[in-house]
Structures are given as C-alpha cells and as structure tokens.
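To find a chain, count down the sequence lines: A is the first, B the second, and so on, and within it residues start at 1.
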Number of protein chains: 2
Amino acid sequence: MGTVKRGSERREDALSRERIVEAAIELLDDEGESGLTFRVLATRLATGAGALYWHVASKSELLIAAADTVVAQAMDEAPVAASPRDAIRGIAGKVFEAIDAHPWVGTQLARAPWEAPMLRIFERVGRQVQALGVRGGAQFTSASALLSYIVGASIQNATNGRLFEPSVDRVDFLGAMSARWKELDAHEYPFLRKIAAHLPRHDDLAEFLAGLELILTGIEASL
Amino acid sequence: MGTVKRGSERREDALSRERIVEAAIELLDDEGESGLTFRVLATRLATGAGALYWHVASKSELLIAAADTVVAQAMDEAPVAASPRDAIRGIAGKVFEAIDAHPWVGTQLARAPWEAPMLRIFERVGRQVQALGVRGGAQFTSASALLSYIVGASIQNATNGRLFEPSVDRVDFLGAMSARWKELDAHEYPFLRKIAAHLPRHDDLAEFLAGLELILTGIEASL
DNA sequence: TGCCCAATGGAACGCCGTTCCATTGACCGC
DNA sequence: GCGGTCAATGGAACGGCGTTCCATTGGGCA
C-alpha cells in the first residue's frame with residue numbers, strides 16, 4: 001500500500017494503542033484486576049514492557065481506556081426505546097450487564113468517576129431525563145441520582161461473583177452470605193438477620209431494575 | 001496492676017490491632033490511599049513491618065478494618081430522628097460526610113461491598129425502611145436501592161477534592177470541569193455541554209440530599 | 001530462678017510500575 | 001540506489017511494594 005501519513009504500518013502485527021487496550025481487556029477478563037501487569041501484557045503481545053509506554057502513558061491511563069472501550073460499546077448497544085423511561089431502563093440494563101461481565105470496569109468507574117467512561121453514561125442518561133420533561137437544575141439532580149444508583153448498584157452486584165473462586169457460583173455465594181448474616185449479633189443486626197432468608201432466591205437484575213423504578217417514580221412525581 | 005488474662009501490657013507503647021488501625025487511618029487521611037504502606041506505617045509506630053503481621057493478616061484486612069472504624073463512628077453519630085424519613089436523611093448525611101472527609105473509605109466500600117462496613121450501613125437503612133412501612137421483599141429492594149445510591153453518590157462526590165492537588169479547591173475544580181465539558185464534541189455530548197454552566201455553583205450536599213428525596217418519594221409512592 | 005512462648009523487627013524474596021537507552025528498520029531527500 | 005533520520009522497539013535496571021522468615025527479646029508463670 002502507498003504511504004500513510006504518520007508512521008504507517010511497520011509490520012502487520014505492529015503494536016498500537018488499540019491492540020494494547022484490547023489485550024488489556026482480555027487479560028482483565030481472564031485474570032481479574034490483579035492480573036493486569038505490564039510484564040504479562042507485554043508477553044501476550046510478544047514485546048517488552050518498555051515498548052508499551054510508547055503508546056500508553058501509564059497503567060491508570062490504560063485502565064481508563066479499557067473501561068471506556070467497554071462502556072462505549074455498551075452505550076452503542078443500548079436499545080432505542082419508545083419512551084424516555086424505557087430508554088433509561090435500557091441504558092441502565094446495559095451498564096449493569098457490562099459491569100457484571102467485566103467487574104473491573106466497576107472498580108475503575110468508582111476510582112475515576114469524572115473520566116470519559118462515566119461521562120458517556122451521564123450524557124446518555126441526561127438526554128433521557130431531559131426527554132422525560134425535567135427542567136433546569138433538576139436535570140442535573142435527576143441525572144446524577146440515576147447515575148449514582150446505576151453505577152453503585154452495578155458495582156455491588158458485580159462483586160458477588162468476584163469475591164470467591166470462580167468455581168463458587170452465584171447460588172452458593174448467596175447461600176454462604178445468607179448464613180453469615182444469620183450469625184450476626186441479634187441485637188445489633190435485627191434487620192439483616194430477618195431478610196437473610198430472602199437472599200438465596202433473589203434475582204439480581206430484577207432487583208436492580210426495581211430499584212431503578214423507585215427513582216424514576218420519584219423523578220416523575222416531582223415534575 | 002495485677003495479671004491480665006492474655007499478653008497483658010508489655011509496655012505502655014505496645015503494638016495492638018487498635019493502635020495499628022488508628023495509625024493507618026491517620027496515614028490514609030494524611031497521604032491518601034497510595035500513602036498507606038506497611039513500611040511507612042511501621043516507621044510511624046516505631047517498629048518493623050514484619051511485626052504488624054502479628055496483629056493484622058494483610059493490607060486488605062487492614063483497609064477493611066480502617067473503613068469499618070470510620071463507618072461505625074459515623075453510624076453512632078447519626079442523629080435520632082422523629083420520622084423514619086428523617087432518620088434515613090440523617091444516616092445518608094453521615095455517610096456522605098464520612099466519605100467526604102475520608103475519600104479512601106469510598107474506594108474501600110466499592111472494592112469490598114459485602115464486608116462489615118457496608119453491612120453496618122445496610123442494617124441502619126434497612127431498619128428505617130421497615131419503619132417506613134415497606135413490607136416483605138420490597139424491604140430488600142428499597143434498602144438496597146438507598147444503599148447503592150448513598151454510597152455511589154458519596155464516592156463520586158468525594159473524588160472531587162482528590163483528583164488534583166490539595167491546593168486546588170472545590171470551586172476551581174468545578175470551574176475546570178465545567179470548562180472541560182464545554183469543550184466536548186457538540187454532536188456527541190449536547191446534554192453535558194448544556195448543563196456545564198450549572199456546575200460551578202452547585203452545592204454537593206444539597207444535590208445529594210435532593211437525589212435521596214427522589215428515592216424516598218419513589219418508595220413511599222409504592223407503599 | 002529458669003523456662004516458655006507471645007511479640008518483635010530487620011533482612012530477604014519475588015513481584016510491581018516505570019525509566020532508560022542501545023538497537024532496529026522503514027521512509028525520504030539526494 | 002544509498003545513507004541519514006527518527007518513530008518504534010524491547011530488554012535491563014531502579015526503587016518500592018506486600019509478604020515471609022527467623023533470630024532475638026523479655027515478661028509471666030512454675
């Protein structure tokens with residue numbers, strides 16, 4: 001092929017920011033947050049750790065880029081909806097799904113809440129809040145509340161499957177958690193002890209969406 | 001003093017789990033999350049890093065204990081209230097305040113959402129949800145939604161003051177953020193660009209409590 | 001008084017993120 | 001075609017981390 005403006009393609013397998021981010025996402029998914037290491041990443045890309053720094057400034061920048069890629073894709077996949085309320089449900093569901101599939105994205109959003117990935121979600125939610133008929137400063141309030149809930153709840157959910165070995169599945173995890181709650185001090189933790197019984201048969205996504213409805217109802221009630 | 005059951009007091013300045021956790025909190029507050037190091041902590045306590053492991057199993061256990069101490073104190077300080085709704089406002093406010101004063105607590109809650117500190121908050125919120133008249137499975141849904149919102153929003157707020165140097169204050173931070181939002185792509189980010197103007201004069205705590213009202217309204221509407 | 005063992009603290013291990021720099025090899029002007 | 005230039009590479013080295021190991025200590029009890 002002819003000349004390309006800058007650097008062009010040295011080799012077919014040349015390093016590039018995209019290839020690095022892609023490999024980082026794979027590694028994070030495979031090995032978890034502690035599995036992402038410049039050395040391991042370099043090995044997977046058949047290069048040296050130093051070379052990565054030509055394309056990526058630091059590990060935290062790489063993490064943000066990785067999270068942004070996942071979030072951007074999730075936002076693109078969010079279904080078009082008839083009503084603003086449905087649109088918000090769709091966006092929330094996609095975020096929940098993305099963080100569930102990539103738990104490290106949740107941690108990342110909590111660590112850097114004002115970076116690109118969070119802004120993407122905020123923008124999408126905000127537009128629908130506008131479409132809902134919310135006016136003025138309440139737009140910020142409502143969109144922020146939705147964002148905080150969506151991300152906060154997704155993070156908590158995603159940790160379910162991450163705490164123990166991958167071999168321990170969700171049902172076992174909830175069973176163990178329920179047992180732990182039942183053993184709490186009766187005087188200090190009456191509420192947790194009482195609802196511990198509900199834990200094993202609760203549906204994460206349904207619970208998440210039910211919580212979302214509460215906020216949506218609150219927003220529409222204050223229109 | 002006579003004999004004490006176990007180990008007793010070797011010296012007045014003896015190491016103990018409490019003293020270690022206390023020093024860790026100080027260090028985290030002074031230097032931020034990256035400032036907590038077993039070596040630095042040992043130096044502050046005038047001992048060696050290895051000695052700490054006699055009282056504390058690992059760094060992550062220490063972080064949980066530190067966060068739990070802060071959260072427990074915040075919960076103890078939560079005001080008694082006339083109505084359940086006021087009580088929830090009080091609890092939320094204390095959590096917000098605690099995470100604002102100790103941003104590392106927020107990160108910690110996001111990283112380990114099923115540990116003791118989170119359960120403390122869940123219990124307090126859950127009791128008030130019960131008192132509000134919510135029944136059965138909806139208690140879990142409502143309390144979870146409140147918890148996710150309270151913690152999620154507090155984390156986002158706390159990061160405001162942590163991103164840049166301590167010398168950069170809140171107003172400058174919000175101004176810089178607002179400027180960044182105004183420079184976003186006009187086609188991709190219409191909502192953020194529009195509300196960027198509101199950013200510099202928004203009141204964090206008021207905004208947080210306004211978002212809380214949305215959920216409370218939603219909960220009471222579905223009674 | 002002497003033993004025991006909880007408690008200590010310093011050294012060492014294997015990682016980490018990051019920096020440095022000698023080397024490569026494709027492109028551009030000649 | 002040829003040589004110079006410089007973006008890009010990758011391996012070595014640096015300082016610091018969490019954690020482990022172990023020789024040493026010194027207070028309480030038989």
Side-chain angles (χ1 to χ4, degrees), chain A residues 1-25 27-28 30-67 104 107-108 111-112, chain B residues 1-25 27-28 30-67 104 107-108 111-112:
Chain A
M1 321 287 181
T3 60
V4 185
K5 32 173 135 174
R6 257 243 168 274
S8 75
E9 64 276 83
R10 292 171 63 93
R11 302 198 306 265
E12 194 52 42
D13 69 336
L15 236 39
S16 75
R17 191 181 160 89
E18 281 130 41
R19 264 177 35 90
I20 292 172
V21 170
E22 196 184 330
I25 292 173
L27 191 50
L28 285 162
D30 289 352
E31 313 287 342
E33 323 195 29
S34 65
L36 178 63
T37 280
F38 272 75
R39 274 171 249 261
V40 174
L41 190 57
T43 303
R44 282 209 182 192
L45 290 164
T47 183
L52 301 177
Y53 281 86
W54 187 260
H55 305 273
V56 154
S58 67
K59 183 172 182 175
S60 81
E61 199 225 20
L62 177 57
L63 276 166
I64 291 170
W104 52 271
T107 313
Q108 191 45 41
R111 200 181 344 259
Chain B
M1 332 293 166
T3 60
V4 187
K5 33 173 133 175
R6 257 250 169 270
S8 73
E9 63 276 83
R10 291 170 64 93
R11 301 198 305 265
E12 195 51 43
D13 69 335
L15 236 39
S16 74
R17 190 182 162 90
E18 281 127 43
R19 265 183 28 94
I20 293 172
V21 170
E22 197 183 330
I25 292 173
L27 190 51
L28 285 162
D30 289 352
E31 312 288 341
E33 322 194 30
S34 65
L36 177 63
T37 278
F38 272 75
R39 273 171 250 263
V40 174
L41 190 57
T43 303
R44 283 208 180 191
L45 290 164
T47 183
L52 301 177
Y53 281 85
W54 187 261
H55 304 274
V56 153
S58 67
K59 183 171 183 178
S60 82
E61 198 225 21
L62 176 57
L63 276 165
I64 290 171
W104 52 271
T107 313
Q108 191 45 41
R111 204 184 336 263

Any idea which of dC16(C), dA12(C), dT20(D) is nearest the Y53(B) side chain?
-> dT20(D)

Please state whether the phosphate of dT9(D), meaning OP1 or OP2, lies under 4.0 angstrom from any side-chain nitrogen or oxygen of W54(A).
-> no

Which pair of non-hydrogen atoms, one from A49(B) and one from A42(B), has the smallest distance, and what is that distance?
-> N-CB, 3.5 Å

Which part of the nucleic acid does L36(B) contact within heavy-atom distance under 4.0 Å: base, sugar-phosphate only, or nothing?
-> sugar-phosphate

Provide the closest heavy-atom pair for L28(A) versus A66(A) in the form atom of the first, atom of the second, distance.
-> CD1-CB, 4.3 Å

Here the distance between atom C1' of dG11(D) and atom CG of L52(A), to the nearest Å, is 12 Å

Atom CD of E61(B) to atom C1' of dT19(D): distance rounded to whole Å?
-> 14 Å

Among dT8(C), dC17(D), dT9(D), the nucleotide that comes nearest once only the side chain of H55(B) is considered = dT8(C)

Closest heavy-atom pair, L45(A) versus R19(A), reported as atoms and distance to 0.1 Å, is CD2-NH2, 3.8 Å

Give a yes or no on whether a donor-acceptor pair under 3.5 Å exists between the nucleobase atoms of dG18(D), that is its base, and the side chain of R39(B).
-> yes

Which atom pair, heavy atoms only, marks the closest approach of L41(A) to A24(A)?
-> CD1-N, 3.7 Å

Measure from the side chain of S58(B), starting at C-beta and using heavy atoms only, and say which of dT8(C), dT18(C), dT19(D) lies closest.
-> dT19(D)

Ranking dT18(C), dC17(D), dT20(D) by distance to the side chain of K59(B), first place goes to dC17(D)

To the nearest angstrom, the CZ-P distance between R19(A) and dA8(D) comes to 14 Å

Within this structure, what is the CG-to-C1' distance between L15(A) and dT24(C), rounded to whole angstrom?
-> 15 Å

In whole angstroms, the gap separating P of dT8(C) from CG of L41(B) amounts to 13 Å

Closest to the A51(B) side chain: dT19(D), dT8(C), dT18(C)?
-> dT8(C)

Between CZ of F38(B) and C1' of dC15(C) the distance, given in whole Å, is 16 Å

If each of V40(B) and G48(A) is mapped to the nucleotide of DNA chain D with the nearest heavy atom, which maps nearer the 5' terminus, i.e. the 5' end?
-> G48(A)

From dC17(D), dC16(C), dT19(D), nucleotide with atom closest to T37(B) side chain = dC17(D)

Residue E61(A) excluded, over 12 heavy atoms near CD under 6.0 Å | yes

